[in-house]
Amino acid sequence: MKDSPDYYLYKRRHVIELALSYHDSPVSDHHSQNLVTQLLLSALKIHPAAYDLTKNYGIVAWIHSLCYKSKSSKDEEEKSVRLPPSLAQECALVCWTLLGKLRSSPGASDTYKYLQLLASIIPYLAANEQPSGLSCDRILSLLCLWCAAFEETVVLSQLLSPLNLNEMLSSAGQTYAPRTDCEYIKLKTESLSSLLALLASWQPSGVGTNQTSLQQIVSSCLALWIDMLP
């Protein structure tokens with residue numbers, strides 16, 4: 001699969017649904033699962049295909065389940081899928097591609113799933129000394145995404161004022177009626193936990209927005225929001 005026309009040809013023939021179903025079926029062997037993984041990896045390198053897979057096929061949840069698939073015995077370990085060595089980097093690339101789209105229309109559920117996936121990928125890359133792409137500008141974008149999705153823009157707007165970056169918060173200055181439904185609060189709390197894990201793991205590289213001021217903002221966010229966790 002090389003480009004968008006290839007992907008949409010596969011889609012019209014229902015190849016994507018069949019591949020995902022076959023991968024998790026009892027009759028799928030190790031070799032077949034590897035072929036399905038390689039097919040989806042090639043699709044994720046195509047931006048329109050990555051967006052369609054995320055929106056319509058739940059590819060984020062599928063990748064997440066692969067990353068956390070447990071091996072309860074030696075036999076299961078031999079049968080399990082061996083993930084390609086570049087899978088985590090490919091997933092990170094997809095995540096950074098989706099970040100701009102999510103920020104244009106932030107939703108609580110999508111932001112929760114996105115941060116949960118990202119928080120599982122970045123530590124893995126760091127542990128294996130692989131580049132994660134977690135730059136200063138992306139840290140700012142993640143902060144703005146969470147604040148916009150969960151109506152916490154006022155505090156961040158005040159923190160961004162010294163850097164003249166308030167324009168990054170598209171919803172800055174808006175007021176919201178507080179939401180108290182249990183599902184929303186759960187999404188907010190759990191996504192905040194993922195965001196704080198990402199902020200805590202960030203190692204500034206000196207590239208992008210004023211690094212010292214951004215480190216102070218991150219420290220302030222960690223100190224302020226850590227009390228919101230149960």
Side-chain angles (χ1 to χ4, degrees), residues 1-70 79-125 128 130-135 137-138 141-142 144-146 148-149 187 190-191 194-195 197-198:
M1 191 180 304
K2 298 180 180 179
D3 50 27
S4 298
D6 286 349
Y7 172 76
Y8 286 107
L9 176 62
Y10 277 67
K11 182 176 179 177
R12 284 196 299 272
R13 298 294 183 181
H14 305 288
V15 172
I16 305 301
E17 297 99 317
L18 291 172
L20 288 170
S21 299
Y22 183 65
H23 179 279
D24 297 325
S25 70
V27 298
S28 178
D29 58 16
H30 175 73
H31 177 67
S32 299
Q33 290 174 332
N34 269 341
L35 291 177
V36 172
T37 304
Q38 292 295 338
L39 172 67
L40 294 172
L41 277 176
S42 65
L44 288 172
K45 294 177 182 178
I46 305 167
H47 286 188
Y51 182 72
D52 186 63
L53 286 168
T54 303
K55 181 179 180 182
N56 297 317
Y57 293 97
I59 197 67
V60 171
W62 186 81
I63 293 173
H64 198 265
S65 69
L66 280 187
C67 292
Y68 280 94
K69 183 173 288 186
S70 61
K79 295 177 182 177
S80 65
V81 179
R82 294 183 180 179
L83 301 179
S86 61
L87 178 61
Q89 286 182 303
E90 296 287 352
C91 290
L93 178 61
V94 173
C95 284
W96 299 134
T97 302
L98 292 174
L99 181 56
K101 294 183 179 295
L102 278 174
R103 285 203 57 204
S104 66
S105 181
S109 180
D110 290 341
T111 300
Y112 159 74
K113 293 175 184 177
Y114 176 82
L115 290 174
Q116 190 178 47
L117 175 62
L118 198 58
S120 69
I121 294 171
I122 299 302
Y124 174 85
L125 291 172
N128 289 274
Q130 299 180 42
S132 65
L134 193 60
S135 64
D137 292 334
R138 283 171 176 161
S141 293
L142 290 173
C144 294
L145 171 66
W146 185 84
L187 291 176
E190 293 185 4
S191 62
S194 298
L195 176 63
L198 289 167

Please evaluate residues Glu90 and Leu41 with respect to the criterion side-chain contact (heavy atoms from CB on, under 4.5 Å), reporting the C-alpha separation (whole Å), side-chain torsions for both, the decisive distance (0.1 Å), and the verdict.
CA-CA 8 Å; Glu90 296 287 352; Leu41 277 176; 4.0 Å; yes

Any donor-acceptor pair under 3.5 Å from [X] side chain to [Y] backbone:
X      : Y      : value
Thr111 : Ala108 : no
Ser42  : Leu39  : yes
Arg103 : Cys144 : no

Find the distance between [atom1] ([X]) and [atom2] ([Y]) and round it off to the nearest 0.5 Å.
X      : Y      : atom1 : atom2 : answer
Lys101 : Asp110 : NZ    : CG    : 13.0 Å
Lys113 : Thr54  : NZ    : OG1   : 11.0 Å
Ser132 : Ile122 : OG    : CD1   : 4.5 Å
Ser21  : Ile16  : OG    : CD1   : 11.0 Å
Leu187 : Leu115 : CG    : CG    : 11.0 Å

Within a radius of less than 6.0 Å around OH of Tyr57, do more than 12 heavy atoms belonging to other residues, nucleotides or ligands occur?
yes

Walk me through it: do Ile121 and Tyr124 pass the test side-chain contact (heavy atoms from CB on, under 4.5 Å)?
CA-CA 5 Å; Ile121 294 171; Tyr124 174 85; 5.8 Å; no

Given side chains that start at C-beta, do those of [X] and [Y] come closer than 4.5 Å, heavy atoms only?
X      : Y      : value
Tyr8   : Pro48  : yes
His47  : Ser4   : no
Leu53  : Val94  : no
Lys11  : Asn56  : yes
Ser32  : Tyr22  : yes
Leu93  : Leu44  : no
Leu142 : Tyr114 : yes
Ile59  : Tyr51  : no

Do you know the tightest heavy-atom contact between [X] and [Y]?
X      : Y      : value
Leu99  : Ser141 : CD2-CB, 3.6 Å
Arg138 : Gly133 : NH1-O, 2.8 Å
Leu117 : Cys95  : CD2-SG, 3.9 Å
Arg13  : Leu18  : O-CD1, 4.4 Å
Ile46  : Lys2   : CD1-C, 3.9 Å
His23  : Gln33  : O-NE2, 3.1 Å

Please report the C-alpha distance between Leu195 and Leu145 in whole Å, then the side-chain angles of each, then the deciding distance to 0.1 Å, and finally whether the side-chain contact (heavy atoms from CB on, under 4.5 Å) criterion is met.
CA-CA 10 Å; Leu195 176 63; Leu145 171 66; over 6 Å; no

